[in-house]
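All remarks here apply to the structure that follows.
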Amino acid sequence: MTVHEAAVPATEHPHGAPRTAAAFRAVYGAAPEGVWAAPGRVNLIGEHTDYNDGFVMPLALPHTTIAAASARPDGVLRLHSGGAEGGVVELRVDDLRPASGGGWAAYPAGIAWAMREAGLPVGGADLHFDSTVPTGAGLSSSAALEVVTALALNDLYALGLEPLRLARLAQRAENAFVGVPCGIMDQTAAACCTPGHALFLDARDLSLRQVPFDLAGEGLRLLVVDTRVKHELGDGAYAERRAGCERGARALGVSALREVPHALLPEALPKLAGEPVVQDLVRHIVTENHRVEEVVARLDAGDTRAIGPLLTEGHRSLRDDFKISCVELDLAVDTAVAAGALGARMTGGGFGGSAVVLVEEADAQRVTDAVTTAFAAAGHTAPRIFTAVPGAGACRLA
Ligand code: ADP
Ligand code: MG
């Protein structure tokens, strides 16, 4: 087990653009042409469904990655991050090959690569990044870094690309250049979320709808509990789950598990009797897609409190069927619910990272204290707990 400290404190950047522009000037000796931001995200519901062509429902965090950047005419790409060691990374856009960058710089370098692969006229650039998105906490610092780079290059080279196209390019960069087989949710959230809304996304055709999610107006809060642990099991397990889902789809004769209707689950599961592990994975994906649709229906009906039990059910499904929870996430969820939360679930890839907890405003402190106390009593690292207010997707700041 490793404990991940955030590179920077998990607070907003009140003066992010001027500060990051000043840092750019200190690194590169001139003012940047512009400053851009992209947020981290939490997923309200719809876990591991995106690569099964299903539904997800993330919202943007107030935590952002900010890029100050200028174009360069000489095809040189220089990358620097306030949150990474090792100084400026210098590459040539002509020489970019998958896995050539290595380390953190592969994420932004992968964006330039993916754009050039797509035939877009992207040349060199100087980029400096600052971030308040905790890394490796399941809050998608990687997508924030990718999408802010994509938006900066889009503007510097006047590409005129839509947010969804930027998200697709960012996913391609992470899949093919960095080598992480992620779905499309994180990049779409970073590119397309809007304040006060959760993003209902169909990962099959990328159709999306902004669903009003005005927690404060209803006297509610969504807490994020960052357990600050990441169990090493996670990396291989993701690929394994993904392969298992694909096997399940093949066995059921569909191109993706999204196509298995919830009502037909009782007929589908017996066909997988010979493969109990796959059967469990399929049960999670099919019920999870259904839960997302139920959450959307309840939000549309104005009954935000009623989504609580669906969140908790979703956690049980991830724990028992998809088997990607861990003791810290289970403790956060069980303690929060026992202390009066309306619902709680792990969010993100699993094996650590964060949980989301829906609480009445009046209960927020009690639930926070209960989780903190339970972690201390169990000898776990103290969790970082903050309120998620649905924020904006990627934008230009200056
Ligand atoms: P998550 O996306 O959940 O935070 P990942 O493992 O997908 O976790 O991505 C984290 C990695 O992304 C870090 O290890 C680092 O390589 C890179 N990264 C993210 N944000 C930054 C940043 N601001 N500066 C440098 N590297 C970053
Ligand atoms: Mg990531």
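Indexing begins at 1, ligand by ligand and atom by atom, following the structure's order.
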Please state which option from [options] has its nearest heavy atom closest to [atom].
atom                    : options                       : value
atom 19 (C) of ligand 1 : Ser141, Gly40, Pro108, Ala144 : Ser141
atom 24 (N) of ligand 1 : Ser142, Ser81, Cys182         : Ser81
atom 13 (C) of ligand 1 : Leu79, Ile66, Thr135          : Thr135

Checklist line | Metal site the Mg ion (ligand 2): N/O/S of Ser142 inside 2.8 Å | finding: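 So Ser142 counts as coordinating the Mg ion (ligand 2), yes.
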Margin query: Please determine whether the number of non-hydrogen atoms from other residues, nucleotides or ligands lying under 6.0 Å from atom CZ of Arg366 exceeds 12.
Written below: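 Yes, CZ of Arg366 has more than 12 neighbouring heavy atoms, counting only those of other groups under 6.0 Å.
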Next item on the list: Please check if atom CD in Glu162 has more than 12 non-hydrogen atoms from other residues, nucleotides or ligands closer than 6.0 Å.
Entry: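 Incorrect, the count does not exceed 12.
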Can a donor-acceptor pair be found between the side chains of [X] and [Y] at a distance below 3.5 Å?
X      : Y      : result
Glu259 : Ser255 : yes
Thr287 : Arg291 : yes
His80  : Asp126 : no

Item checked: Whether Tyr28 and Phe24 hold their rings parallel, tilted or perpendicular, with breakpoints at 30° and 60° ->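 Tilted: the ring planes of Tyr28 and Phe24 meet at 30° to 60°.
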Note to self: Angle between ring planes, Phe129 versus Trp104, binned at 30° and 60°: parallel, tilted or perpendicular?
What the structure shows: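 Because their plane-to-plane angle is over 60°, the rings of Phe129 and Trp104 count as perpendicular.
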Next item on the list: May I ask you to check if ligand 1 and Gly136 share an N or O to N or O distance below 3.5 Å?
Entry: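 It does: an N or O of Gly136 is found under 3.5 Å from an N or O of ligand 1.
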Notebook entry, point to check: Are any of the N/O atoms in Thr65 less than 3.5 Å from those in ligand 1?
Noted result: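 It does not: no N or O of Thr65 is found under 3.5 Å from an N or O of ligand 1.
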Considering only protein heavy atoms, which is closest to [atom], and at what distance to one decimal place?
atom                    : answer
atom 23 (N) of ligand 1 : Ser131 CB, 3.4 Å
atom 6 (O) of ligand 1  : Tyr107 OH, 4.4 Å
atom 18 (N) of ligand 1 : Leu145 CD2, 3.6 Å

Checklist line | Any donor-acceptor pair under 3.5 Å from Thr347 side chain to Ala355 backbone | finding: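 No.
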Check: What part of Trp104, side chain from CB on, backbone N/CA/C/O, both or neither, has a heavy atom under 4.0 Å from ligand 1?
Finding: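 Under 4.0 Å from ligand 1, Trp104 contributes backbone and side-chain atoms.
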Item checked: Any Phe129 heavy atom less than 4.0 Å to ligand 1 ->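 No, Phe129 has no heavy atoms under 4.0 Å from ligand 1.
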